[in-house]
**Student:** 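Got a structure for you, written out below as structure tokens; questions coming shortly.
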Amino acid sequence: MILEMNNIKKSFGELEVLKDISFNVSEGEVVSIIGPSGSGKSTLLRCATFLETADSGEIKYLGETAAKTGADGKMKYVSAGELKKFKNYFGLVFQSFNLFPHFSVIKNVTDAPINVQKRSKSEVMDDAKAILSKMGLEQKADSYPCQLSGGQQQRVAIARALAMKPDVLFFDEPTSALDPELTGEVLKVIKQLAEERMTMVIVTHEMAFARAVSDRVIFMDGGVIVEQGDPEEVFGAPKMERTKQFLKHYGQ
């Protein structure tokens, strides 16, 4: 099991955003998380990647515990040094690209593997060139983010995440900042990764895409998992009334 999240709770003040969520991700699995805005999808991803601190529950990567509720009922995380190790297990692609504007494309992709993971520069450069080629960006290695389209920037962001050799790749609405034409080129890259059995968790509003690439679909609403299962079951024959209502808006 790559990721296990058990009984995760998270509140912001009085607002309970995650209400006792449990889910796991196996190696090679593509899991899409769908649901209305404010359902807790992005917060779940942020807890999985330690950008938010969960209030209680348990988070494990590759069978190792990164965080767990202590005897006092408070969430206890491993030390900052140990957390660095856990952060190497995953990559995260944001909806807003988050590229370094003053770095070229190749430097955006190679900076962390060289300086954070301390890998050999020549090996990282070879890897980065191969990944950029796969993304259709080999001609853009020396360009800067401001010289790229939104779709190209997002593909650089995916390349940067892949360069870290993660065990699982998280996507937080990777196409929501793009127009429909550019959305297609990013979804094509993610689909290719799915065909190569890259382990991925994708928060998305692209229902047809989720149905096509996922091994499992999770529908969230109101901070809970309402329904999950095979994409054909969830989209084609949803069991829960709330899922049916939600998918009706997407012409499913």
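Both backbone and side-chain heavy atoms feed into the values below; hydrogens, waters and symmetry mates do not.
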**Student:** Is there a path of hydrophobic side-chain contacts, each under 4.5 Å between heavy atoms, that joins Val31 and Val93?
**Tutor:**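 They do not share one cluster, since no chain of ILVMFWY contacts under 4.5 Å joins Val31 to Val93.
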**Student:** Can you confirm whether Ile158 sits close enough to Val186 that some side-chain heavy atom of one is under 4.5 Å from a side-chain heavy atom of the other?
**Tutor:**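 Yes, close enough: below the 4.5 Å cut-off.
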**Student:** Do Met125 and Glu123 touch side chain to side chain, with heavy atoms closer than 4.5 Å?
**Tutor:**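 No, side chains not in contact.
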**Student:** Taking all atoms of both residues into account, what is the closest heavy-atom pair of Gln95 and Ser176, and its distance?
**Tutor:** OE1-OG, 2.7 Å
**Student:** Where the side chain of Ser26 meets the backbone of Glu29, is there a donor-acceptor pair that is under 3.5 Å apart?
**Tutor:**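 A pair under 3.5 Å: no.
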**Student:** Under 4.5 Å between side-chain heavy atoms, counting indirect links through other Ile/Leu/Val/Met/Phe/Trp/Tyr residues: same cluster for Val213 and Phe171 or not?
**Tutor:** yes
**Student:** Do Asn24 side-chain atoms and Leu3 backbone N/O form a donor-acceptor pair below 3.5 Å?
**Tutor:**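 Side chain of Asn24 to backbone of Leu3: no pair is present.
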**Student:** Inspect the contact between Lys41 and Asp172 and indicate whether a charged nitrogen and a carboxylate oxygen are less than 4.0 angstrom apart.
**Tutor:** no
**Student:** Can you check side-chain contact (heavy atoms from CB on, under 4.5 Å) on Ile218 and Arg216, steps first, answer last?
**Tutor:** CA-CA 7 Å; Ile218 292 173; Arg216 182 157 47 102; 3.9 Å; yes
**Student:** With sequence neighbours excluded, what pairs up with Gln147 under the side-chain contact (heavy atoms from CB on, under 4.5 Å) test?
**Tutor:**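 Partners of Gln147 by the side-chain contact (heavy atoms from CB on, under 4.5 Å) criterion, ordered by chain and then number, come out as Ser143, Tyr144.
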**Student:** Any chance NZ of Lys85 has more than 12 other-residue heavy atoms, nucleotides or ligands included, within less than 6.0 Å?
**Tutor:** yes
**Student:** Would you say the side chain of Val156 lies within less than 4.5 Å of the side chain of Val109, judging by non-hydrogen atoms?
**Tutor:**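 With C-beta onward as the side chain, the pair touches.
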**Student:** Please confirm whether the backbone N or O of Lys107 pairs with a side-chain atom of Asp111, one donor and one acceptor, at under 3.5 Å?
**Tutor:**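 No: the side chain of Asp111 does not pair with the backbone of Lys107.
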**Student:** Are Asp55 and Lys74 close enough for a salt bridge, meaning some N to O gap below 4.0 Å?
**Tutor:** no
**Student:** Is the closest basic N to carboxylate O distance between Lys10 and Glu16 below 4.0 Å?
**Tutor:** no
**Student:** Please check if atom NZ in Lys188 has more than 12 non-hydrogen atoms from other residues, nucleotides or ligands closer than 6.0 Å.
**Tutor:**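 No, NZ of Lys188 has 12 or fewer neighbouring heavy atoms, counting only those of other groups under 6.0 Å.
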**Student:** Tell me the closest heavy-atom pair linking Phe209 and Lys191, and the distance in Å.
**Tutor:** CE1-N, 4.4 Å
**Student:** Determine yes or no for a side-chain-to-main-chain donor-acceptor pair under 3.5 angstrom, with Lys19 supplying the side chain and Gly222 the backbone.
**Tutor:**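 Confirmed, Lys19 side chain pairs with Gly222 backbone.
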**Student:** Check whether any side-chain heavy atom of Thr49 lies under 4.5 Å from a side-chain heavy atom of Phe90, and answer yes or no.
**Tutor:** yes
**Student:** Given 3.5 Å as the limit, does a donor-acceptor pair link the side chain of Asn6 with the main chain of Ser22, or not?
**Tutor:**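 Checking the backbone N and O of Ser22 against the side chain of Asn6, no donor-acceptor pair under 3.5 Å is found.
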**Student:** Could you pull out the closest heavy-atom pair between Phe97 and Gln153, with the gap in Å?
**Tutor:** CD1-OE1, 3.5 Å
**Student:** Testing the 3.5 Å rule here: is there a donor-acceptor pair between the side chains of Thr243 and Glu227?
**Tutor:**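 There is such a pair (donor and acceptor under 3.5 Å, judged by atom type) between the side chains of Thr243 and Glu227.
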**Student:** Which is it for Gln228 and Phe219 under the side-chain contact (heavy atoms from CB on, under 4.5 Å) test, yes or no, and what are the steps along the way?
**Tutor:** CA-CA 6 Å; Gln228 64 176 311; Phe219 171 61; over 6 Å; no
**Student:** Please tell me whether Glu4 and Tyr61 have a donor and an acceptor in their side chains that are separated by less than 3.5 angstrom.
**Tutor:**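 Short answer, no.
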**Student:** Can a donor-acceptor pair be found between the side chains of Asn88 and Gln117 at a distance below 3.5 Å?
**Tutor:** yes
**Student:** Quick check against the 3.5 Å criterion: does Thr204 have a side-chain atom that pairs as donor or acceptor with the backbone of Glu206?
**Tutor:**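 Yes, because the side chain of Thr204 sits within donor-acceptor range (under 3.5 Å) of the backbone of Glu206.
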**Student:** Are the side chains of Ile33 and Leu44 in contact, using a 4.5 Å heavy-atom criterion?
**Tutor:**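 Yes, their side chains come closer than 4.5 Å.
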**Student:** Does Gly57 offer a backbone N or O that forms a donor-acceptor pair with the side chain of Thr69 under 3.5 Å?
**Tutor:**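 Such a contact is found between Thr69 side chain and Gly57 backbone.
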**Student:** To the nearest 0.5 Å, what is the distance between NZ on Lys140 and CZ on Arg155?
**Tutor:** 9.5 Å
**Student:** As an exercise, state the distance from CD of Gln192 to CE of Met198, rounded to the nearest 0.5 Å.
**Tutor:** 12.5 Å
**Student:** I'd like to know if Arg197 pairs up with Glu27 as an ion pair, taking the criterion as any Lys NZ or Arg NE/NH1/NH2 lying under 4.0 Å from an Asp or Glu carboxylate oxygen.
**Tutor:**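 Salt bridge between Arg197 and Glu27, a charged N being under 4.0 Å from a carboxylate O: no.
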**Student:** So which atom in Ser39 and which in Pro36 form the shortest heavy-atom distance, rounded to 0.1 Å?
**Tutor:**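 Scanning both residues, the minimum pair turns out to be OG-O, 2.8 Å.
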**Student:** For the SG atom of Cys146 and the CG atom of Leu148, what is their distance to the nearest 0.5 Å?
**Tutor:** 8.0 Å
**Student:** Do Leu169 and Leu193 come close enough that some side-chain heavy atom pair is under 4.5 Å?
**Tutor:** yes
**Student:** So, taking the atom named NE2 in His205 and the one named CD1 in Ile34, what distance separates them when rounded to the nearest 0.5 Å?
**Tutor:**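 Interatomic distance, His205 NE2 to Ile34 CD1, rounded to 0.5 Å: 10.0 Å.
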**Student:** Side-chain heavy atoms nearer than 4.5 Å, only ILVMFWY residues, links allowed to pass through others: does that put Ile59 and Val78 together?
**Tutor:** yes
**Student:** Would Ser11 and Val17 satisfy side-chain contact (heavy atoms from CB on, under 4.5 Å), going step by step from the backbone distance to the final call?
**Tutor:** CA-CA 5 Å; Ser11 296; Val17 179; over 6 Å; no
**Student:** Determine the interplanar angle of the Phe86 and Phe50 rings, folded into 0 to 90°, and report it as parallel if under 30°, tilted if 30 to 60°, perpendicular if over 60°.
**Tutor:** perpendicular
**Student:** State whether the side chain of Lys68 and the backbone N or O of Thr65 hold a donor-acceptor pair below 3.5 Å, judged by distance alone.
**Tutor:** no
**Student:** Kindly work out whether a path of hydrophobic side-chain contacts (I/L/V/M/F/W/Y, heavy atoms less than 4.5 Å apart) joins Val203 to Phe94.
**Tutor:**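 Linked, Val203 and Phe94 end up in one cluster.
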**Student:** Could you grab the distance from atom OG1 of Thr175 to atom CD of Glu173, nearest 0.5 Å is fine?
**Tutor:**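 One gets 8.0 Å once the value is rounded to the nearest 0.5 Å.
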**Student:** Is a donor on one side and an acceptor on the other found under 3.5 Å between the side chain of Gln152 and the backbone of Ser149?
**Tutor:**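 Side chain of Gln152 to backbone of Ser149: a pair is present.
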**Student:** Going by the angle between their ring planes, with limits at 30° and 60°, are Phe100 and His102 parallel, tilted or perpendicular?
**Tutor:**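 Because their plane-to-plane angle is over 60°, the rings of Phe100 and His102 count as perpendicular.
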**Student:** So which atom in Asp215 and which in Gly28 form the shortest heavy-atom distance, rounded to 0.1 Å?
**Tutor:**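 The pair with the smallest heavy-atom distance is OD2-O, 3.8 Å.
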**Student:** May I have the step-by-step check of side-chain contact (heavy atoms from CB on, under 4.5 Å) for Val224 and Val226, ending in yes or no?
**Tutor:** CA-CA 6 Å; Val224 299; Val226 176; 4.2 Å; yes
**Student:** What are the two closest non-hydrogen atoms of Pro174 and Leu178, and how far apart are they?
**Tutor:** O-CD1, 4.0 Å
**Student:** Hey, what do you get for CE (Met220) to CZ (Arg242), rounding to the nearest 0.5 Å?
**Tutor:**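 Result: 12.5 Å between the selected atoms.
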**Student:** Say whether Leu51 and Tyr77 are linked into one hydrophobic cluster, either directly or through other cluster members, by side-chain heavy-atom distances under 4.5 angstrom.
**Tutor:**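 Looking at the clustering, Tyr77 is in the same group as Leu51.
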**Student:** Are the side chains of Glu196 and Lys134 in contact, using a 4.5 Å heavy-atom criterion?
**Tutor:** yes
**Student:** State, with a plain yes or no, whether a side-chain heavy atom of Phe246 is found less than 4.5 Å away from one of Asp221.
**Tutor:**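 No. Closest side-chain heavy atoms not under 4.5 Å.
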**Student:** Yes or no on salt bridge (Lys or Arg N to Asp or Glu O under 4.0 Å) for Lys129 and Glu138, after CA distance, side-chain angles and deciding distance?
**Tutor:** CA-CA 7 Å; Lys129 284 172 185 166; Glu138 59 270 40; over 6 Å; no
**Student:** Is it the case that more than 12 heavy atoms not belonging to Met240 sit under 6.0 Å from its CE atom?
**Tutor:**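 Counting neighbours around CE of Met240, 12 or fewer heavy atoms of other residues, nucleotides or ligands fall under 6.0 Å, so no.
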**Student:** Are any side-chain N or O atoms of Ser214 and backbone N or O atoms of Ala210, one a donor and one an acceptor, separated by less than 3.5 Å?
**Tutor:**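 Yes.
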